[in-house]
**Student:** 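Starting off with a structure, shown below.
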Amino acid sequence: MLRFLTAGESHGPALTVVVDGLPAGVPVDRASLDGDLRRRQGGYGRGGRMKIETDTVEVLSGVRHGKTLGSPVTLVVRNRDHENWRDVMSPDPQPPEAKRRRALKHPRPGHADLAGAMKFLTDDLRDVLERASARETTARVAAGGLARSLLQCCGVEVRSHVLRIGSAAVAGEVGWEQLAAIEDSPVRCADGGAAAAMIAEIDRCKREGDTVGGVFEVVVRGLPAGLGSFSQWDRRLDGRLAQAMMSIQAIKAVALGAGFQAGDTPGSRFHDEILYDDERGLHRGSNRAGGLEGGVSNGEELRVQAVVKPIPTLLMPLRSLDLRSKEPQTASVERSDTCVVPAAGVVGEAMVALVLADAVLEKFGGDSLTELLDHLETTRERWRQFLARRSPDPEER
Ligand SMILES: Cc1cc2nc3c(=O)[nH]c(=O)nc-3n(C[C@H](O)[C@H](O)[C@H](O)COP(=O)(O)O)c2cc1C
């Protein structure tokens, strides 16, 4: 239902995204889109590039007077640093010096350099890394802001926070309310003690020319039950979320709810009991499933965790080679971050919002927001009746 394509290189003129399938009437607030871009650029442990770029969104199509038109929305984020790369990134033929000036020949273990060089048969790794770079996630975050706006209209809110950086971790579950002021933490962590330990870990890695990864969690409130389907493998919402999260650069594992503990917890302590009382109605005793059962949303908070690897560009580089001569060399060093876990959480929010907006449109549909909200309200009313019904079991009558 909702599709998007990003384009653009890390040091090219701009990142662009075309989002197709949004209904008419969804509010588009540029300040809010820019706010998400700023959050993606922030987080303790980012490098010098983020100081050069102050990302802002330009809207080229699909929006009029602050609302979507139902036509494709095109968003553009200019790369300010492009000024310094005009000849290197020029689409027109250039003298050989322009290519040589920023050529990379020593592939970085863990980056896309070597795999991309073999794929495209190029020995100038710049041809590869310019697109493989996570600068591309700027466009995803911009698109995610549109999805977030649609979800907000449906009463769905998306937040994220950091659970672990290196050996520093939050103990226990973090509640929704604790996430309200998450941007006040430089590492986007709800636990002050753990945040201090995370900052110390990043500082140590930076001093040692090393990098550090971690774990973040995206939490979603207000998600209607019944999104996704178990009837076909590719309609399962868990699979769609995992694919979207795994597509983020440097994400190496994804879990729903307490999924990372599922392999070593007995069923009696893993599954969420189904309870009923007059005050709360039907409810669950816990939410280790993370809001999805059978690939379908069950009305509980959605929780998705992702493991971010330590980023590959190291100031103390690992062993590599010169792609042409095959002589041993240390890996190339580009201006780089030390830790991107807080920023990756913001990208995770965007990807989750895009998948959920798609799933909401799939179930409730409509060409305009008004129609979509009508369908949603009708279904919510049916759920209210379904869950409130306390009729005797027909078998026993
Ligand atoms: C927000 C964000 C920023 C990143 N910044 C860097 C960086 O500065 N240097 C780097 O080597 N990798 C960085 N990465 C990771 C690489 O883009 C990624 O490792 C690379 O594209 C290879 O993809 P893979 O790790 O998914 O295999 C970043 C990732 C994210 C999510």
Side-chain angles (χ1 to χ4, degrees), residues 4-17 36-55 57 75-82 85 89 102 104 107-116 119 125-145 160 162 165 187-188 202 205 210-216 218 243-254 306-315 331-354:
F4 72 99
L5 274 184
T6 72
E9 277 72 41
S10 178
H11 297 94
L15 280 314
T16 305
V17 61
D36 285 345
L37 294 182
R38 238 186 338 273
R39 292 194 302 125
R40 191 205 74 93
Q41 290 189 281
Y44 198 81
R46 301 307 299 277
R49 173 79 191 270
M50 289 307 115
K51 295 197 179 79
I52 299 172
E53 303 292 351
T54 39
D55 293 336
V57 167
L75 304 178
V76 170
V77 180
R78 307 263 166 211
N79 285 324
R80 281 167 211 267
D81 203 16
H82 179 63
W85 294 71
M89 294 306 294
R102 299 279 195 163
L104 253 80
R108 292 162 295 173
H111 217 296
D113 301 348
L114 182 58
K119 178 174 173 65
L125 301 173
R126 171 100 14 231
D127 292 343
V128 173
L129 73 97
E130 280 292 330
R131 181 64 187 159
S133 156
R135 178 84 185 129
E136 182 264 345
T137 59
T138 309
R140 301 199 207 190
V141 170
S160 75
V162 170
I165 288 179
V187 279
R188 309 190 64 251
I202 295 169
C205 283
D210 212 337
T211 59
V212 62
V215 181
F216 69 82
V218 178
Q243 199 275 329
M245 292 291 264
M246 199 62 128
S247 76
I248 301 170
Q249 295 84 338
I251 303 297
K252 292 300 136 194
V254 178
V307 179
V308 186
K309 76 182 186 185
I311 55 169
T313 307
L314 304 180
L315 291 179
S332 296
V333 181
E334 281 267 290
R335 184 172 45 211
S336 187
D337 303 321
T338 305
C339 176
V340 300
V341 184
V346 179
V347 183
E349 282 176 40
M351 292 308 289
V352 165
L354 285 156

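Values below: every heavy atom of this structure, side chains too, minus hydrogens, waters and symmetry copies. None of these values were measured; they are calculated from a predicted model. Numbers here simply count residues along the sequence, with the first being 1.
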**Student:** Looking at every heavy atom in both P312 and G110, which two are closest together, and how far apart are they?
**Tutor:** CG-O, 3.4 Å

**Student:** So, do L15 and N79 sit near enough that their side-chain heavy atoms are less than 4.5 Å apart?
**Tutor:** yes

**Student:** I'd like to check I251 versus V307 (side-chain heavy atoms, cut-off strictly below 4.5 Å). Are they in contact?
**Tutor:** no

**Student:** Rounded to the nearest 0.5 Å, how far apart are OG of S332 and CG of D113?
**Tutor:** 7.0 Å

**Student:** Is the backbone N or O of V341 less than 3.5 Å from a side-chain atom of R188, with the two atoms forming a donor-acceptor pair by type?
**Tutor:** no

**Student:** To the nearest 0.5 Å, what is the distance between OG1 on T54 and CG on L37?
**Tutor:** 10.5 Å

**Student:** When you measure from the side chain of T211 to the backbone N and O of I311, does any donor-acceptor pair fall under 3.5 Å?
**Tutor:** yes

**Student:** With a 4.5 Å cut-off on side-chain heavy atoms, are V218 and M351 touching?
**Tutor:** no

**Student:** Can you tell me if S247 uses its side chain to pair, donor with acceptor, with the backbone of A244 under 3.5 Å?
**Tutor:** yes

**Student:** Between R78 and D55, which heavy-atom pair has the shortest distance, and what is it?
**Tutor:** O-OD1, 4.3 Å

**Student:** For the residue pair A331 and R108, what are the closest heavy atoms and their distance?
**Tutor:** CB-CA, 3.8 Å

**Student:** Contact between E349 and R39 at the side-chain level, heavy atoms closer than 4.5 Å - yes or no?
**Tutor:** yes

**Student:** Taking all non-hydrogen atoms of both residues into account, name the closest pair between A14 and V76 and its distance.
**Tutor:** CB-CG1, 3.7 Å

**Student:** Can you see whether R140 engages T6 through a side-chain donor-acceptor pair at a distance of less than 3.5 angstrom?
**Tutor:** no

**Student:** Please name the pair of heavy atoms, one in I202 and one in G45, separated by the smallest distance, quoted to 0.1 Å.
**Tutor:** CG2-CA, 3.8 Å

**Student:** Can a side-chain donor-acceptor contact be found between R126 and S10 if the only test is distance below 3.5 angstrom?
**Tutor:** no

**Student:** Can you tell me how far the NE2 atom of H111 sits from the CG atom of L314, to the nearest 0.5 Å?
**Tutor:** 11.0 Å

**Student:** Identify which one of D36, V77, V17 satisfies the side chain to side chain contact (heavy atoms under 4.5 Å, CB included) criterion when paired with T138.
**Tutor:** V77

**Student:** Distance-only, no hydrogens or angles: does the E136 side chain make a donor-acceptor pair with backbone N or O of R131 under 3.5 Å?
**Tutor:** no

**Student:** Can you tell if the side chain of L125 reaches within under 4.5 Å of the side chain of P107, non-hydrogen atoms only?
**Tutor:** yes

**Student:** State, to 0.1 Å, how close V212 and C205 come at their nearest heavy-atom pair, and which atoms those are.
**Tutor:** CB-SG, 3.7 Å

**Student:** Would the distance check show the side chain of H82 and the main-chain N or O of H11 forming a donor-acceptor pair, the cut-off being under 3.5 Å?
**Tutor:** yes

**Student:** Using a 4.5 Å cut-off on heavy atoms from C-beta on, say whether the side chain of E130 contacts that of W85.
**Tutor:** yes

